[in-house]
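Data first, discussion second: the structure below is written as structure tokens.
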Amino acid sequence: QAHLAGSLAISLGGRFAEQAGSLIPPDRDIVLVGSPEQVAEATVRLARIGFDRVVGSLPEVEAVLATHPDRATRLSRLTASELEERRDELGDRIQLVDVRNPGEVESGPVDGAVNLPLARLRDRLDELARDEPVVLFCAGGARSAVAITLLRSAGFADVSDLVGGFSAWSDASAAAPSS
């Protein structure tokens, strides 16, 4: 629903170390958000990949956001039908970004999408126009949810992700009536 403005929302439950290692510059100080147990686990997992600059933690982010709503950023999430409406409305102005790996894209490309894999996204942000709308998607929605926070923290204003990712897009396309 929302996250701390300027932060990256990388889930501890997924490919945390891999995503953190590819999205966070290694010389950056890190403040972790979560319970003491989650912070301890994240600190160990980051240290295993050489990230030892954890300088603090924020265990009660909900309380901070409740008392300082100006520090919250709401995420924009689109369904497949909402994305289709935006594409109809904006045409070529919308930047559709596929953050899946190249092998995944080969098995199911999306017309008009540019492939910027999540692991390389931080290094390729200059390939996107910051003043144009961006919609991100991956296979199921987890990686694009991380990517949206990366783009937001990098100053992109109009950024959304596709709920359910390519799977939802593919299902909606298959269900659409043929012309």
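Please read these numbers as outputs of a predicted model, since none were measured by experiment.
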Legend entry - Sequence neighbours excluded - side-chain hydrogen bond (donor to acceptor under 3.5 Å, both in side chains) pairs with any residue from residues 46-60: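 For residues 46-60, and leaving out neighbouring residues, the side-chain hydrogen bond (donor to acceptor under 3.5 Å, both in side chains) pairs sorted by first residue read D29-R53.
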Inset, instruction - Could you note down all residue pairs passing side-chain hydrogen bond (donor to acceptor under 3.5 Å, both in side chains) where residues 91-100 supplies at least one of them, sequence neighbours left out? - result: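 Residue pairs with at least one partner in residues 91-100: R93-E132, D98-R100.
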Decide, yes or no, whether a salt bridge links [X] with [Y] under the criterion of side-chain N to carboxylate O below 4.0 Å.
X: R124; Y: E127; answer: yes
X: E41; Y: R45; answer: yes
X: E104; Y: R143; answer: yes

For [X] against [Y], the heavy-atom pair lying closest together:
X: A142; Y: C138; answer: N-SG, 3.6 Å
X: L23; Y: P25; answer: O-CD, 3.7 Å
X: P133; Y: L90; answer: CG-CD1, 3.7 Å
X: A168; Y: V163; answer: CB-O, 3.3 Å
X: V99; Y: A147; answer: CG1-CB, 4.1 Å

Inset, instruction - For atom CZ of R120, decide whether the heavy atoms of other residues, nucleotides or ligands shown that lie under 6.0 angstrom number more than 12. - result: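 It does not: R120 CZ has 12 such atoms or fewer within range.
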Legend entry - Residues, nucleotides or ligands: over 12 heavy atoms within 6.0 Å of R122 CZ: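 Counting other residues, nucleotides and ligands, CZ of R122 exceeds 12 neighbours.
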Is there side-chain contact between [X] and [Y], with at least one heavy-atom pair below 4.5 Å?
X: I148; Y: F156; value: no
X: R86; Y: S160; value: yes
X: P59; Y: S35; value: no
X: V135; Y: V97; value: no
X: L8; Y: V146; value: no
X: V105; Y: V110; value: no
X: V54; Y: L46; value: yes
X: S153; Y: S7; value: no

Legend entry - side chain to side chain contact (heavy atoms under 4.5 Å, CB included) assessment of L4 paired with T73: CA-CA 6 Å; L4 190 60; T73 297; over 6 Å; no
Nearest 0.5 Å please: distance from the [atom1] atom of [X] over to the [atom2] atom of [Y].
X: L96; Y: L83; atom1: CG; atom2: CG; result: 6.0 Å
X: R87; Y: L78; atom1: CZ; atom2: CG; result: 12.0 Å
X: N101; Y: L118; atom1: CG; atom2: CG; result: 8.5 Å
X: I24; Y: Q19; atom1: CD1; atom2: CD; result: 10.0 Å
X: F51; Y: D27; atom1: CZ; atom2: CG; result: 9.0 Å

Inset, instruction - Assess whether side chain to side chain contact (heavy atoms under 4.5 Å, CB included) is satisfied between F137 and D161, documenting all intermediate values. - result: CA-CA 6 Å; F137 70 93; D161 80 324; over 6 Å; no
Inset, instruction - Apply side chain to side chain contact (heavy atoms under 4.5 Å, CB included) to L58 and L32, showing your working. - result: CA-CA 6 Å; L58 180 59; L32 297 169; over 6 Å; no
When clusters are formed by joining ILVMFWY residues with side-chain heavy atoms under 4.5 Å apart, either directly or through shared neighbours, do [X] and [Y] land in the same one?
X: V159; Y: I10; result: yes
X: V39; Y: F16; result: yes
X: L151; Y: I94; result: no
X: L136; Y: L75; result: yes
X: V61; Y: L12; result: no

Inset, instruction - Name all residues meeting the side-chain hydrogen bond (donor to acceptor under 3.5 Å, both in side chains) criterion together with S22; count only those two or more places apart in sequence or in a different chain, and write none if there are none. - result: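 Applying side-chain hydrogen bond (donor to acceptor under 3.5 Å, both in side chains) to S22 gives none.
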